[in-house]
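What you see below is based on every heavy atom in this structure, not just the backbone, and it leaves out hydrogens, waters and symmetry mates. Residue numbering restarts at 1 for every chain, and letters A, B, ... go by the order of the sequence lines. The structure presented is a predicted model; accordingly, all values stated were derived computationally and were not measured.
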2 protein chains.
Amino acid sequence: MSNSKALPLIQAEVEPCCPPLNERPLTMEEADRASAMFKALGDPIRLRLFSQIASHADGEACVCDISDVGVSQPTVSHHLKKLREAGLLTSERRGTWVYYRVAPSVMASLARSFSVSG
Amino acid sequence: MSNSKALPLIQAEVEPCCPPLNERPLTMEEADRASAMFKALGDPIRLRLFSQIASHADGEACVCDISDVGVSQPTVSHHLKKLREAGLLTSERRGTWVYYRVAPSVMASLARSFSVSG
DNA sequence: GATCTAAGTTGACAATCGTCGAAGTAAGTG
DNA sequence: CACTTACTTCGACGATTGTCAACTTAGATC
């Protein structure tokens, strides 16, 4: 292959997904965006992967560190992709290994969704 | 058994779903429980329904108030059932109408999942 | 080059999901 | 009783999802 314009770099800055859920009814656009995040966390395997990465030392984890969740390696890769596409994780290859970390401001943004307003 | 015999279980349906996601890796049981909640919020229609109820005056909303989300009324009922089964909503019939409200401690419990620990 | 390990992609499959129309239940009105 | 309104449940349909085996890509080492 030649001039590959690789560099996925889909990870634009994660802006707040939505206002607090009890502040006002979400618009359709807000609901689409936020539900995509919750949907990604709505699988027990994916949630465990996310938790393992979020709680790992230095805030990042190699796939080899977290692939012990009871499913095959391709399935782990599939779930990590889903989490990445939802904007929850970022990935970076360093040598042989690929490291995942929670995307910036994701925790704060989601926490805000459930913060009690009023 | 312990000496707690008159323990009221009415509000025990929603206990904290899990520790903060960046505190430690979730157990399978924790992941099952928490992912069920996120899964329920992982649909745009359901998330809008939840937001409409959570933001409604007096903290409760009649189905007739929130059924304008772009799908048929049986589908609304189906989604509300999913949210109820996930422990996110409670419902009560008063006369002709059925009122939904966010189950106790759900907002705080989910906010805690994303609170930054450490 | 060849070979090994790490991780991602593809293809296929059963299982689950979202949706609707039709039918059913519950409560109020006359 | 019949009729209306407000939901819920049922049955069916296409669409999406989670999973694995097989294959491919990427990097390190020989």
Separation of atom [atom1] in [X] from atom [atom2] in [N], rounded to whole Å:
X	N	atom1	atom2	value
Glu92(A)	dA6(C)	CD	P	19 Å
Ile66(A)	dA6(C)	CD1	P	14 Å
Glu85(B)	dT9(D)	CD	C1'	12 Å
Asp65(B)	dC7(D)	CG	C1'	13 Å
Leu47(A)	dT17(D)	CG	P	18 Å

request  = Evaluate salt bridge (Lys or Arg N to Asp or Glu O under 4.0 Å) for Glu30(B) paired with Arg24(B), printing each intermediate quantity in order.
outcome  = CA-CA 11 Å; Glu30(B) 291 168 336; Arg24(B) 57 170 175 76; 2.7 Å; yes

Mind checking the [atom1]-[atom2] spacing from [X] to [Y]? Nearest 0.5 Å is all I need.
X	Y	atom1	atom2	answer
His78(A)	Ile45(A)	NE2	CD1	11.5 Å
Ser67(A)	Leu49(A)	OG	CG	9.0 Å
Gln73(A)	Asp68(A)	CD	CG	13.0 Å
Asp43(B)	His79(B)	CG	NE2	4.5 Å

query = Regarding Arg94(B) and the six-membered ring of Tyr99(B), is the cationic atom NZ or CZ under 6.0 Å from the ring centre and inside 45° of its axis?
reply = yes

inquiry  = So Tyr99(B), base contact, sugar-phosphate only, or nothing? Heavy-atom distance under 4.0 Å.
reply    =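 If one applies the 4.0 Å heavy-atom cut-off, Tyr99(B) turns out to touch nothing in the nucleic acid.
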
remark   = Given protein heavy atoms under 4.0 Å, the one-letter contact record of nucleotides 11-21 of chain C, with B base, S sugar-phosphate only and - none, is simply -----SSSBBB

query = What string of B, S and - do you get for nucleotides 25-30 of chain D 5' to 3' if you count protein non-hydrogen atoms under 4.0 Å?
reply = -SSS--

message = Pair Phe114(A), Phe38(A) - check ring-ring contact (aromatic ring centres under 6.0 Å, His included), show working.
response = CA-CA 12 Å; Phe114(A) 299 105; Phe38(A) 294 131; 5.6 Å; yes

ask   = Looking at Ala34(B) and Cys18(B), what are the two nearest heavy atoms and their distance?
value =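 Heavy atoms only, the tightest pair is CB-SG, 3.8 Å.
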
key: Any Lys81(A) side-chain nitrogen or oxygen under 4.0 Å from OP1 or OP2 of dT9(C)   =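 Answer yes for this pair, as a side-chain N or O of Lys81(A) is under 4.0 Å from OP1 or OP2.
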
